[in-house]
Amino acid sequence: MATLATTRAIIHRTRGTRHGPITRLMSPGDLGQLVKPFVFLDLFEADRFTAGVSAHPHSGIATHTTFLRGGMTYADSTGEAGALHDGAVEWMRAGRGVWHTGQPLGGQPILGFQLWLALPPELELSAPESRYLDPDTLTTVGPARVLLGTHDGVSGPIDLPMPLTYLHVRLSDGERWTYTPPAGHDVAWAAVSGGRLGVGDTIAEREMIVFADGDTPIDVVAHGATEFVLGSAARHPHPLVLGSHSVHTSAAALAEGQRTIAALARTPAVAALLHA
């Protein structure tokens with residue numbers, strides 16, 4: 001099966017580092033510097049995901065978790081709690097600080113991605129926001145579910161005042177697809193969770209690929225049933241100032257986020273999460 005003759009160049013590819021059921025594809029200290037505001041990406045997969053995610057904090061970022069298969073319970077310091085199932089999304093704009101936790105549902109197989117986004121100065125210390133979305137709240141355009149931003153004139157359900165698009169795409173064997181980024185989206189990447197994705201002369205399989213800067217179209221073809229996520233955005237123009245579970249644009253903002261996280265740790269809401 002031939003791939004498309006011309007497409008946007010790939011400048012980096014990685015299979016990441018695997019630790020049990022989690023493959024770390026990107027961190028703020030490595031590829032996050034190249035494709036910011038996208039700064040972190042985990043692929044998680046297990047036949048039985050028995051270990052939950054203990055309560056932990058974030059600040060300065062937004063986290064987006066999409067469950068391709070399986071699901072988990074959730075709870076956070078904003079007071080939200082419940083369960084997510086196949087195709088659902090957990091959205092957490094941590095802002096000045098939030099704690100959250102989760103447990104897998106019934107030992108069932110699980111597959112999905114967790115993404116972190118670096119927030120601009122006007123949002124990095126804003127009030128936290130959490131949303132938990134059922135699959136039917138997400139709009140599909142052709143083979144792509146719109147997780148964040150706008151694609152082909154259709155907007156996702158999460159209001160995010162940043163020039164950014166994040167899609168979940170499923171292609172059948174031999175299916176060809178072209179993604180045309182919005183004007184000004186000079187950063188783009190994709191991460192393949194299933195099948196094999198042809199991009200020019202490259203075949204990507206269970207890996208993350210980063211495209212050359214520019215907003216020209218990205219042409220792909222599926223080799224077998226193929227599933228992947230794809231992100232594009234205007235490049236985050238700010239430095240990444242890193243803390244544990246936090247990313248900010250300045251040392252002062254990081255210090256403020258850490259103060260809020262520490263204060264939250266002394267509240268009954270977080271105490272309940274830590275001892276759940």
Side-chain angles (χ1 to χ4, degrees), residues 8 11-12 14 16 24-42 56-66 78 90-100 113-131 147-151 155-156 158-167 181-191 208-216 218 229-264:
R8 195 151 145 194
I11 60 170
H12 192 88
T14 179
R24 179 71 38 84
L25 293 167
M26 170 172 59
S27 295
D30 47 54
L31 280 186
Q33 299 286 340
L34 186 62
V35 297
K36 58 185 183 180
F38 307 102
V39 296
F40 174 102
L41 186 68
D42 270 355
H56 61 281
H58 293 293
S59 68
I61 60 171
T63 70
H64 184 289
T65 306
T66 181
T78 71
E90 177 195 42
W91 166 255
M92 180 75 67
R93 195 180 73 193
R96 60 177 175 256
V98 72
W99 288 69
H100 68 166
F113 285 97
Q114 183 177 89
L115 174 72
W116 292 8
L117 302 172
L119 295 175
E122 62 270 22
L123 293 177
E124 66 180 320
L125 294 174
S126 61
E129 172 190 86
S130 59
R131 294 189 64 187
L147 302 176
L148 289 171
T150 300
H151 171 55
S155 296
I158 297 167
D159 182 22
L160 182 65
M162 296 168 61
L164 177 151
T165 297
Y166 182 43
L167 307 175
H185 282 211
D186 46 352
V187 168
W189 57 273
M208 178 177 175
I209 55 177
V210 178
F211 297 98
D213 282 6
D215 57 8
T216 56
I218 296 168
V229 291
L230 179 147
S232 72
R235 188 180 304 282
H236 184 69
H238 308 284
L240 303 181
V241 181
L242 310 182
S244 178
H245 301 287
S246 299
V247 180
H248 284 273
T249 66
S250 69
L254 174 61
E256 180 62 25
Q258 290 177 325
R259 281 193 292 270
T260 301
I261 284 169
L264 283 171

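Along the sequence shown, residues are numbered consecutively beginning with 1. Every heavy atom of this structure was used, including side-chain atoms; hydrogens, water molecules and symmetry mates were not.
Between Y166 and W189, the ring planes lie tilted relative to each other; the angle falls in the 30° to 60° range. Classified by interplanar angle (parallel below 30°, tilted 30° to 60°, perpendicular above 60°), the ring pair W116/H58 is perpendicular.
Taken to the nearest 0.5 Å, the OG atom of S155 stands 11.0 Å off from the CG atom of L148. Rounded to the nearest 0.5 Å, atoms CD1 (I61) and CG (L117) are 8.5 Å apart. If you take CG on L242 and OG on S27, they are separated by 9.5 Å, rounding to the nearest 0.5 Å. The CZ atom of R96 lies 13.0 Å from the CG atom of L119; values are rounded to the nearest 0.5 Å. Within the model, atoms CG of D213 and CG of L34 stand 7.5 Å from one another, a figure rounded to the nearest 0.5 Å. Here the CG-CD1 distance, from L25 to I209, works out to 11.5 Å after rounding to the nearest 0.5 Å.
S232 places none of its side-chain heavy atoms less than 4.5 Å from the side chain of I218. The shortest distance between side-chain heavy atoms of V98 and R93 does not fall below 4.5 Å. Proximity of S59 to H248: side-chain heavy atoms (C-beta onward) are separated by under 4.5 Å at one or more points. Side-chain contact between P182 and T150 is absent, with no heavy atoms from C-beta onward closer than 4.5 Å. With contacts defined as side-chain heavy-atom distances shorter than 4.5 Å, the pair L123/P161 qualifies. Contact annotation: the side chain of F113 never approaches that of H64 to less than 4.5 Å [non-hydrogen atoms, C-beta and beyond]. Using a 4.5 Å heavy-atom cutoff, the side chains of L115 and V229 are not in contact. At a threshold of 4.5 Å between non-hydrogen side-chain atoms, the residues P128 and H100 do not count as touching.
The main-chain N or O of P28 is found under 3.5 Å from a side-chain atom of Q33 such that the two form a donor-acceptor pair. Side-chain N or O atoms of R235 include none that pairs as donor or acceptor with a backbone N or O of D186 at under 3.5 Å. A side-chain donor-acceptor contact under 3.5 Å links E124 to the backbone of T249.
For A118 against L240, the heavy-atom pair with the smallest separation is CB-CD2, 4.0 Å. Across I261 and G97, no two heavy atoms sit closer than the pair CG1-CA, 4.3 Å. Considering all non-hydrogen atoms of both residues, A62 and W91 come closest at CB-CH2, 3.4 Å. Taking each heavy atom of P181 and R8 in turn, the nearest pair found is CG-NH1, 3.7 Å. Annotation for P37 and L164: closest pair CG-CD1, 3.9 Å, computed over non-hydrogen atoms. Looking at every heavy atom in both residues, F38 comes nearest to A233 through CE1-CB, 3.6 Å.
With sequence neighbours excluded, the residues forming a salt bridge (Lys or Arg N to Asp or Glu O under 4.0 Å) with R259 are E256, listed by chain and number. Shown here are the salt bridge (Lys or Arg N to Asp or Glu O under 4.0 Å) partners of D42, two or more places apart in sequence or in another chain: R24. With sequence neighbours left out, D30 forms a salt bridge (Lys or Arg N to Asp or Glu O under 4.0 Å) with no residue at all.
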